[in-house]
Structures are given as structure tokens and as C-alpha cells.
Amino acid sequence: MSAAPAKREGLTPQEYELVCQKLGREPNGAELGMFGVMWSEHCCYKHSRPLLKQFPTQGERILVGPGENAGVVQVSEDIAVCFKIESHNRPSAVEPFQGAATGVGGILRDILTMGARPIAILNSLRFGDPQDPWVKSRMQGVVAGIAHYGNCVGVPTVGGEVYFDPVYNRNPLVNAMAIGILPLNQASPVKAAAAGVGNPVLYVGATTGRDGIKGASFASAELSGQSAQNRPAVQVGDPFLEKLLIEACLEAFATGAVVAAQDMGAAGLTCSSSEMAAKGNVGILLDLDRVPARANNLTAYEYLLSESQERMLLVVDKERTAEVKAIFHRWGLAAEVVGEVITEPVLRVLHRGEIAAEVPAKALAEETPVYYQPLPPPPDYIQTCWRWTEEELPPEDRSFATILLSLLATPSIASKQWIYRQYDHQVLNNTVILPGDADATVIRLRSVTNLAHHTHLGLGAAVDGNGRYVYLDPYEGARLAVAEAARNLSCVGATPLAVTDNLNFGSPETAVGYWQLHEACRGIAAACRELGTPVTGGNVSLYNETIDAQGNAQAIYPTPVIGMIGLVEDIRQTVRQGWQKVGDVIYLLGRWDASLAGSEYLASRGLITGRPLAVDMELEKQVQSVCRDLIKQGIVKSAHDCSDGGLAVALAEACISGNLGCRIDLSVLPLSLSSLALLFGESPSRILVSVSPGQEEALINYLQTNLGGHFYPLGTVTDNDRFVITDVLDVSLSQMRDAYYSLHWD
Amino acid sequence: MKFGVVVFPGSNCDRDVAWVTQGLLGQPTFYLWHRETDLQGVDVVILPGGFSYGDYLRCGALARSAPILRAVVEHAHKGGYVLGICNGFQILTEVGLLPGALVRNRNLHFICDRVPVRVERNDLIWTQNYTQHQVIPLPIAHGEGCYYADRDTLQHLEENQQVVWRYTDNPNGSLGDIAGICNRQGNVLGMMPHPERAADADLGSTDGLPLFTGLIASHTYA
């Protein structure tokens with residue numbers, strides 16, 4: 001054997017050499033396939049690991065950090081939450097419905113594997129130009145796939161974010177985040193490490209077929225015109241089976257008879273068994289002839305690399321195997337002993353009575369290649385963008401009102417109701433803040449199964465990642481993404497706790513790509529440290545680039561998506577973004593300045609340039625903490641992050657959500673900005689709040705003490721159905737509503 | 001009052017209902033596994049929302065053959081109370097306890113929203129805590145909630161005042177704006193909206209709660 005088959009498995013000649021060294025011989029075809037997937041970027045992070053290492057991962061509430069299937073964070077004495085984000089970009093480009101559906105299924109099993117019950121799903125999506133028929137079909141398919149899976153499995157899809165930009169034209173991003181609840185008094189998180197020589201390895205769930213073979217290495221390759229031929233690499237999901245798997249696994253875990261559990265996701269049997277063995281310093285013997293199969297004559301290679309969905313691998317106490325099997329059978333699921341834990345630290349695979357593969361478990365799962373690359377200099381495009389100033393902007397001939405209405409109808413800003421209306425966001429009876437009502441979602445952390453569990457404890461969750469900012473300034477853009485996720489949580493009254501991140505980038509093997517990845521990781525690490533929100537895990541999706549009509553490779557914006565959770569001590573002390581009552585007074589907390597650089601306004605004029613304003617994290621933290629405090633004290637009745645589209649759009653959204661108008665006077669703000677920048681410029685650390693007139697004095701007193709001079713009275717809430725900025729614009733609520741709710745993709 | 005919530009593989013609102021009947025209202029509530037045949041002496045059987053048996057073939061079509069359904073039908077024929085919510089409503093039509101069928105929504109999409117529904121009659125045990133023609137917002141979450149029946153059936157439903165809930169702004173194309181119906185006797189109710197999702201003050205809405213409190217009150221005074 002030589003480099004040619006190795007290349008087919010995605011391994012470089014050097015990596016092939018390393019495989020031979022690990023084995024002390026040349027690998028056979030099945031073994032080579034196992035190394036190919038386990039050493040792919042998707043499974044082993046060989047290019048990104050050195051960068052991920054700088055993330056802060058410790059904290060007093062962090063029970064489980066990176067390296068496991070999902071992070072676990074303690075939220076109260078007896079409740080922990082488990083959360084994680086994962087991408088399914090490549091499968092969703094090829095087959096959007098199943099690609100997105102199985103993305104949801106996979107992340108739910110990561111949560112389940114920790115012994116937690118999934119209680120919420122969020123998603124972060126990026127699509128190209130929605131007018132493009134290819135893009136539109138992907139969008140329809142992705143949304144339908146997420147809806148199909150989440151609705152049937154009975155876990156609410158409570159929040160998310162969607163951006164549109166032509167850079168994602170042939171490379172949509174589909175990131176799914178899931179949250180689970182883990183009552184600490186019942187059981188500790190289920191372990192991933194196999195233990196107990198002689199304990200049986202139990203295969204549960206769906207049967208194994210040829211679907212999704214080598215999906216992980218497919219995910220680590222660039223998309224091309226031939227990608228449609230990779231359709232067998234896309235898995236097919238069955239949410240009904242997943243629902244049964246969740247119920248049966250949780251029931252089995254509760255018996256205490258399950259020693260270890262692993263989801264069969266990327267690289268299926270190979271990954272789950274080798275990781276379990278490596279983590280437990282033991283070996284695993286697998287007999288493929290005992291694996292329930294849905295196709296005839298599967299080869300060892302196919303068994304080992306199949307990514308058929310809704311399967312789990314458990315190590316079970318050998319005295320209690322029958323008891324565990326009975327639980328799965330009651331739920332109508334297959335549960336077969338397919339192997340056992342052995343002393344020798346290898347993954348030994350039997351097929352048709354012979355050893356089909358034998359590989360040291362750690363060579364697959366832990367001793368994987370890692371590439372340290374030097375930091376290239378900042379690319380040319382960055383220098384050009386950073387030199388841009390507002391003076392270069394061609395004159396604007398539209399009225400401010402017209403600009404506002406057109407921004408409200410911009411797909412990235414407009415209401416995503418068409419999307420979230422297709423997701424069941426209320427099942428499980430714990431959704432406190434519904435999609436579209438606020439900057440973050442809030443769910444109650446009530447035990448789903450314990451009917452005596454009464455609680456007001458809640459969890460906020462948000463996903464954020466403005467790829468355009470990161471493209472224009474990877475380090476500061478990444479800090480902005482973390483800051484915005486935290487700000488979104490603070491706007492509902494949730495205290496940021498921890499982060500899961502999904503790094504969607506282009507190829508790290510190009511100078512520009514690696515520079516972006518390097519700088520963005522540095523930015524995430526810095527911001528998470530500054531905000532005290534450790535990273536508990538995440539996902540890396542590299543090589544996101546497509547070939548355009550001219551045959552040129554074009555990378556997507558570097559798009560780190562930050563999933564953040566926050567603590568809500570009492571779900572009754574939360575607010576939404578819309579105005580609440582006529583006569584309430586409107587204040588802006590935080591910065592007054594803003595910039596058109598990198599703004600949605602600029603993008604709407606076809607300009608992707610400028611250097612976005614960097615975040616002053618000290619002020620950011622102050623603004624957020626003040627906002628949370630005011631919500632807890634019941635002083636503030638609404639809060640809304642001022643982000644995409646700037647102050648004018650944030651004010652308009654508060655009007656639309658609250659179904660009330662407002663009268664604003666911006667002359668209180670310093671006059672050094674252009675009107676365009678004042679209205680549509682963007683900057684971090686800005687929150688719009690409203691208070692009743694009776695509380696205004698309390699508000700001012702509090703802000704003077706706690707926020708220095710960083711607050712500005714802007715106006716009042718009115719009942720005349722108009723959004724008025726004195727001497728600047730005057731628009732009716734119905735005009736704004738028509739623009740904001742204009743998106744339908746039927 | 002004793003409640004029984006039927007659990008099919010794929011039911012996913014079973015615990016939500018039990019949270020209301022037992023968690024919030026303190027009524028003993030039992031889960032009735034689909035393979036069982038004994039209702040454990042419950043007064044009200046609730047067929048919850050979800051995707052019973054994955055809703056493969058047709059919504060509710062497989063659930064019709066579940067062993068527990070025989071007991072539920074018997075319970076209904078004896079005048080016992082049966083409430084089908086969402087997938088439960090679909091099952092009640094499949095098993096023949098209620099007429100008509102629920103087909104794909106008019107726009108072909110799953111719809112999750114809060115929509116206004118009108119109480120068409122409040123002389124039933126289910127609706128006695130509402131006022132006649134009261135309009136309340138209730139959550140809906142379904143892909144196949146478009147009520148369909150032939151003209152004769154619809155006419156009979158109207159003549160016999162079997163329409164209990166009607167949409168005032170029809171979201172899914174249901175004939176006659178029908179959101180929920182009962183049988184002739186009034187002891188079996190099927191509805192697409194989810195009253196159990198609007199019963200917990202901490203989540204913002206209690207517009208569905210009177211359905212449950214009405215049931216319990218009638219039992220107390222019976």
C-alpha cells in the first residue's frame with residue numbers, strides 16, 4: 001500500500017508514515033479508513049488545536065469543560081446544564097433537509113451522552129443571496145429539516161440567528177446548539193471512559209447502513225461541483241427513533257448500570273469505541289457480525305465508518321446487561337452486545353470470524369497529528385478596509401425614513417417569523433421568552449420528569465456571530481461577537497455563564513485563512529477571559545469555500561458563532577425588547593458614538609469595508625451589569641441591544657415588538673457624528689431601555705452612581721402609532737411592520 | 001379527579017399535560033403506556049400531542065391500533081371523559097370517536113403560534129369556566145391541523161352544536177374554522193390548540209387553564 005489510497009482517505013504522505021509508525025506495519029484498508037476519519041480536522045482539530053488551547057476553560061461553575069461530548073455548568077445547588085454547538089455545513093449544502101435534520105439529531109445525542117435530558121435547541125444559520133434560487137432551496141430545506149427533526153423529537157427550538165450575504169452563496173452555514181438539564185442529585189454526568197474488563201459493549205438504537213460513510217472527512221474537504229456525488233456521505237435522520245433513544249437511554253442511565261456512553265456521530269463505531277477505550281486506558285473488542293445492519297454484505301470498512309444516525313454505544317455492568325437491554329426493548333429499540341472491554345489498549349475488530357482491524361485506541365483518538373503554523377502578516381485586504389472613512393461614501397439620496405424601511409426589510413434584519421413559526425418553540429412547557437420577543441431566549445429549568453419540581457430558576461441562551469465584523473477585523477470582530485452574545489443575555493436579565501463556540505472558517509492552509517482563524521481565536525479567548533465566560537467546548541468547521549462561476553475559490557467570512565448561556569435567578573424578573581406602556585421614558589445606556597464601518601447600512605449599499613468600532617470591555621461589562629441590575633430591581637420594563645442597523649433600527653424594533661410608537665429627540669447626543677452614522681452606525685455597548693415615568697428618578701440616581709455619565713434620555717413611548725425622531729424622520733408603525741414582516745420564502 | 005395521560009412512543013406533550021393536572025392543579029395523574037389495557041380507574045383520559053409512532057403512514061393512524069385505545073374507546077362509550085389534544089385529536093378521528101380528519105395545513109408548513117379561538121358553547125364540562133363566545137389566544141403547534149370533513153358531516157356537526165372551538169383568524173385552512181369538536185354526548189373533546197401550554201402563569205398565559213379547572217370543579221360537585 002502507498003500514498004494513493006492514503007490520499008483517498010484524506011491523509012498526507014507524512015500522516016501515512018505516522019500511521020505506519022504507530023502500527024509498526026502498513027495499515028489494511030479498513031484501518032486506513034479509520035485513521036482517515038479520526039485524523040480529519042472534524043474529529044481531531046489538527047490545525048485548530050493549538051489555537052483552541054488559549055481559550056479559558058475553567059470556572060467555579062464549570063463541571064465539565066472541553067474534550068467531552070458537551071460542557072456541563074452548574075446553575076444551582078442541584079441543577080446543572082449541559083450545552084454544545086455543532087456544525088452541519090457540508091451535508092446541508094448537498095442535501096439541506098437531511099443535512100440540517102441530522103445536525104439537530106447529532107447535537108441532541110451529544111447532550112444525551114452526558115446523561116442530560118435535552119430541553120432546548122437553538123440554531124445559527126448563514127445563507128447567500130435569498131434571491132438566488134439555489135440559495136432559496138437550501139434555506140427552505142434547512143428550515144424544514146430543523147423543524148422536522150426538532151418538532152418530532154419534542155425538544156423546543158427556542159432561538160437562533162440568521163444572516164444573509166453572498167459570500168455564503170454555495171456554502172451555507174448550519175450550526176445547531178442544544179441545551180440539556182442534568183439534575184445533580186440524581187446522578188453524576190455519564191462518563192465517556194470505558195471501564196471494567198469483561199463488561200459488555202452494548203449497541204443501541206438504529207441499525208447500521210451505508211449512509212454517511214466518511215461524513216467526517218467529507219466535512220473537512222472543500223466543496224466542489226462534484227459534491228452532489230457525495231450524497232451517500234449525507235446521513236438520513238429519524239427523529240422518532242431519536243425520541244425513543246432519548247427516553248430509553250435516560251431510563252437506562254438512571255439505573256446506574258451504564259458504565260460509559262458514547263454517541264455514534266462522526267466516524268460512527270470507530271470514533272465511539274476508540275474514544276471510550278482511549279479515555280478509559282483499556283481496549284475494546286468489537287464483533288461486527290453482531291452489529292444490527294440494515295444493508296447486506298457490509299464490509300468491515302463500511303461498518304466502521306458508517307454514520308447511520310440515532311445509534312449509541314454503551315458499556316454496561318456485566319451483571320446487569322439483561323436489565324439494560326430490557327429497557328431498550330420496551331421502547332422498541334435494538335440493543336445488542338457487540339463486544340467487550342479488554343485489557344490490551346487496542347481497538348480490535350472482528351469480521352466474519354477474523355481480525356479485520358487492530359489499532360491502538362490512543363493512536364486513533366488521542367495521539368493525532370497537530371500542526372503548528374507561524375502567524376502570517378495581516379493580508380492586504382485588511383489594510384485597504386482599515387483605511388476606509390465615511391468621507392468616501394457616495395452621497396445618499398434617500399430620506400432617512402426610506403433608508404430605515406429598507407433596512408427593516410433587509411433579510412438579515414427583518415423578522416425571522418417565517419422561520420421560527422415552523423419550529424415548535426413551546427413543547428416541554430418551559431419557554432418563558434418566545435422567539436422574536438427579545439435579544440435572547442429564556443427557558444425555565446424545571447425537571448421535565450419530576451412533577452413536584454416547582455422552580456423559578458431559568459436559563460438564558462443566545463447565539464451570535466457577525467461574520468462581516470470578523471472579516472474586517474478578526475481579533476476585534478471575535479471580541480465583538482462574544483460581547484454581543486453576553487449583551488443579548490443581559491438584555492433579558494440573564495447573567496452570562498459560559499460559552500460554546502462554532503468556528504466556521506475557510507481553509508487554514510492559506511495564509512489569509514490561517515491569519516483569520518488565528519486572530520479570531522485570540523479574540524474569543526481574550527473576550528471570554530474579560531467577561532468571565534469560559535469556553536466549555538465547541539466545534540470547528542474549516543475549508544468553507546466554494547468555487548464561483550469564474551472558477552475562483554472564495555472563502556466565506558470567517559464566522560465564529562458564539563453560543564452563550566446565562567443564569568436567570570427568577571424567570572419572573574425578565575424583560576423583552578418591545579415598549580410596554582405609553583408615557584414610558586426611553587434611555588440609551590452605554591456609548592453614544594457609532595460607525596458606519598462594517599455596518600448593515602454599508603452592506604446594503606454593496607460596501608463591505610471599514611474597521612468596526614472595537615469594544616471597550618470595561619464599559620461593556622458596566623453597561624451589561626447595570627442593565628441586569630435594573631431588570632432585577634424591576635425598574636427597567638424593556639431592554640434591547642442596539643446592534644445591526646444601529647440606533648434607528650433598534651428603536652423601530654422596540655416599536656414593532658411593543659406595538660407602540662415613540663417620539664425621540666437625538667439632540668441630547670454629542671453632535672460630532674453625521675446623521676447617517678448617528679441613525680444607522682453600529683457600535684457595541686449600547687442598550688435601549690424604557691422605564692415608567694415614576695421610576696425615572698430612581699433610574700437616574702442608579703445610573704449616576706453605577707454608569708458614570710454613560711446614559712442619555714432619548715424620548716418617550718407614544719400611542720399615536722408613529723416612530724418620530726424630531727427633525728429627522730417620521731414613519732408609521734404599519735409601514736415599519738410591513739417592511740419588517742416582509743420575508744416569506746414559500 | 002384522576003387523570004390518565006396515554007403515552008405512545010413519540011408522544012411529546014404527555015409530561016406537559018401532567019405538569020398542569022398534577023404539578024399545578026394537584027390532581028393525581030397516571031401515565032398510561034400504549035401497550036397496557038387497563039385505565040387504572042382514571043376519570044379523564046387525555047391523548048396528548050406529539051408524533052405517536054413517528055406519525056408514519058398518517059398522523060394518528062398507527063396509534064389507533066394500540067391496545068390502550070380499546071380501553072379508551074370503551075371508557076368513552078360508557079360516558080367517560082376523553083380529551084385529545086393535537087396528535088390526540090388526530091387519533092380520536094382515526095379511531096372513530098370523533099368525525100372528520102386532520103390534513104396538512106393549507107400553507108403546507110408546520111405552524112407554531114398563538115392564535116385567537118372562540119368558545120362556541122360553554123354548556124360543556126370542558127368549557128363551563130369560559131363565557132359563551134369568549135375569544136382567547138391559545139398556542140398551536142401542528143403540521144396537520146386542517147380540519148376536513150364532507151359536507152354532511154360538517155352540517156351534522158353544526159346542527160348538533162359539536163363545534164366547541166373555532167378559529168377567528170383561521171391559520172391552517174380548517175373547514176368551518178374548526179379548531180375543536182366534541183361527540184354528540186359531549187364527553188369526548190378533540191382540539192388542535194394546546195390548552196396545557198397556556199396554563200402556567202410563570203410562562204405568561206393562563207387562558208387554557210379554565211378547561212382543566214372546569215373539569216375538576218364539576219367532579220368535585222358531582
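In what follows, chains are A, B, ... by sequence order, proteins preceding strands, each numbered from 1. Only heavy atoms go into these numbers, but all of them, side chains included; no hydrogens, no water, no symmetry mates.
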| query | Taking everything shown except A:Lys632 itself, do over 12 heavy atoms lie less than 6.0 Å from its NZ? | reply | yes
| task | Using a strict cut-off of less than 4.0 Å between a Lys/Arg side-chain nitrogen and an Asp/Glu carboxylate oxygen, indicate whether A:Arg330 and B:Glu36 qualify as a salt bridge. | result | no
| field | Residue pair B:Phe51 / A:Phe240: nearest heavy atoms and the distance that separates them | value | O-CD1, 4.1 Å
| Largest heavy-atom contact set with chain A, pairs under 4.5 Å, which of B:Gly54, B:Gly50, B:Pro139, B:Ala18 | B:Gly54
| task | Can you tell which part of A:His453 gets under 4.5 Å to a heavy atom of chain B, answering side chain, backbone, both or neither? | result | backbone
| task | Spell out the residues in residues 98-119 of chain B that have some non-hydrogen atom less than 4.5 Å away from a non-hydrogen atom of chain A, in order of number; otherwise answer 'none'. | result | B:His109, B:Phe110, B:Ile111, B:Cys112, B:Asp113, B:Arg114
| Residue part contacting chain A, namely of B:Thr29, when any heavy atom lies under 4.5 Å | neither
| Contact origin within B:Asp200 toward chain A - heavy atom pairs under 4.5 Å | side chain
| field | Interatomic distance, B:Asp202 atom CG to A:Arg446 atom CZ [nearest 0.5 angstrom] | value | 10.0 Å
| Going by residue number, which parts of residues 566-578 of chain A are within reach of chain B, meaning a heavy-atom gap below 4.5 Å? | A:Ile571, A:Arg572
| task | Could you tell me which residues in residues 428-436 of chain A have at least one non-hydrogen atom under 4.5 Å from a non-hydrogen atom of chain B, sorted by residue number? | result | A:Leu428, A:Asn429, A:Asn430, A:Thr431, A:Val432, A:Leu434
| Taking all atoms of both residues into account, what is the closest heavy-atom pair of B:Ser11 and A:Lys243, and its distance? | O-CE, 3.0 Å
| said: Can you give me the closest heavy-atom contact between B:Arg35 and A:His329, atom names plus distance? | reply: NH2-O, 4.4 Å
| field | Sub-4.5 Å side-chain heavy-atom contact between B:Arg197 and A:Val427 | value | yes
| About how many Å separate CZ of A:Arg421 and CD1 of B:Ile140, when rounded to the nearest 0.5 Å? | 6.5 Å
| message | Restricting to non-hydrogen atoms, name the atom on A:Leu244 and the atom on B:Gly10 that form the minimum distance, rounded to 0.1 Å. | response | CD2-N, 4.0 Å
| Check: A:His454 side chain, B:Gly23 main-chain N or O, donor-acceptor pair, under 3.5 Å | yes
| field | Heavy atoms from other residues, nucleotides or ligands near OH of B:Tyr31 exceed 12 (cutoff 6.0 Å) | value | yes
| query | So, does B:Asn12 use its side chain to make a donor-acceptor pair with the main chain of A:Cys152 at under 3.5 Å? | reply | yes
| note | Applying a strict 4.5 Å limit to non-hydrogen atoms, the region of A:Val153 in contact with chain B is backbone
| said: Checking A:Glu323 now: which residues fulfil salt bridge (Lys or Arg N to Asp or Glu O under 4.0 Å) with it, not counting sequence neighbours? | reply: A:Arg320
| message | Would you compute the distance between atom CG of A:Asp424 and atom SG of B:Cys13 and round it to the nearest 0.5 angstrom? | response | 6.5 Å
